[in-house]
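See structure below.
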Amino acid sequence: MRVVFPVIVVTAALMGSCGEPEPASPHVVSLERGKGLYTQVCAQCHGLDARGVPMLGADLTTSTFFLESTDDELVAMISKGKPAADGRPPMPPKGGRLDLTEHDLLDIIAYIKTLSHEP
Ligand code: HEC
């Protein structure tokens, strides 16, 4: 008995220190990934330089909507897509790539922001 007791105390102390919750790791934006995904998914309608394609996607580099919206608002809009308007076809949700995650969209948004400027 005199040997077993201290062993239990040490084990309990070790187990206690393992149970700390890991802090949620914040998303680290990758412009490299954003560019790759933009090129694969969005460029077909918005152009490789994001300046838009006539009768398809709008110019994103001068879009006031893009410049004035928060990342959350942009993620929401891109996830939902846009109905057809002004003779343009609708934008499909996530540009048709439903497997894109919120992190993917944040990377894409960060990349587009490097191309944006005031209209
Ligand atoms: C199949 C074509 C298509 C694809 C793919 C596509 N879009 Fe669009 N997008 C559109 C159309 C059409 C509009 C509406 C045009 C307009 O607003 O003048 C639009 C509008 C937008 C707008 C709103 C612009 C504004 O000023 O209101 C944003 C932001 C946008 N797209 C981002 C994206 C992103 C990011 C991707 C890639 C994940 C993407 N789009 C993929 C066709 C597309």
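Just so you know, ligand 1 is whichever comes first in the structure, and atom 1 is the first atom listed for that ligand. Along the sequence shown, the residues carry numbers beginning at 1.
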How long is the straight-line distance from OG1 of T62 back to CG of L67, given to the nearest 0.5 Å? 8.0 Å
Can you list every ring-ring contact (aromatic ring centres under 6.0 Å, His included) pair that touches residues 92-119, not counting sequence neighbours? H27-H103, Y38-Y111
I'd like to know whether ligand 1 has G96 as a neighbour, heavy-atom separation below 4.0 Å. no
Shortest protein heavy-atom distance from [atom], along with the residue and atom involved:
atom: atom 15 (C) of ligand 1; value: R88 CD, 3.3 Å
atom: atom 5 (C) of ligand 1; value: V41 O, 3.3 Å
atom: atom 25 (C) of ligand 1; value: S63 OG, 3.5 Å

Which of the ligand 1 atoms, numbered from 1, are nearer than 4.0 Å to a heavy atom of [X]:
X: F65; answer: 23 (C), 25 (C), 26 (O), 27 (O)
X: M77; answer: 21 (C), 22 (C), 23 (C), 28 (C), 29 (C)
X: F66; answer: 29 (C)

Test D107 against every option in R33, K35, K113 by the salt bridge (Lys or Arg N to Asp or Glu O under 4.0 Å) rule and name the one that passes. R33
Please work out whether any backbone atom (N, CA, C, O) or any side-chain heavy atom from C-beta onward of I112 is under 4.0 Å from ligand 1, and answer side chain, backbone, both or neither. side chain
Part of P92 with heavy atoms under 4.0 Å of ligand 1, whether side chain, backbone, both or neither: side chain
Does one side chain, of D72 or T70, offer a donor that lies under 3.5 Å from an acceptor on the other? no
Exactly one of D59, I109, L115 should register a side chain to side chain contact (heavy atoms under 4.5 Å, CB included) with F66. Which one does? I109
Run through L48, L60, I108 and flag the one making a side chain to side chain contact (heavy atoms under 4.5 Å, CB included) with C42. I108
From the candidates P89, P83, G34, the one that places a heavy atom nearest atom 12 (C) of ligand 1: P89
Would you list the protein N, O or S atoms within less than 2.8 Å of atom 8 (Fe) of ligand 1, leaving out water? H46 NE2, M91 SD
Just so I know, are the side chains of [X] and [Y] near enough to count as touching, which here means a heavy-atom distance under 4.5 Å?
X: S79; Y: K94; answer: yes
X: I112; Y: H46; answer: no
X: F65; Y: M77; answer: yes

Verify the cluster assignment for L74 and V41: are they in a single hydrophobic cluster under the rule of side-chain heavy atoms below 4.5 Å apart? yes
Thinking salt bridges, do D86 and R88 make one under a 4.0 Å N-O criterion? no
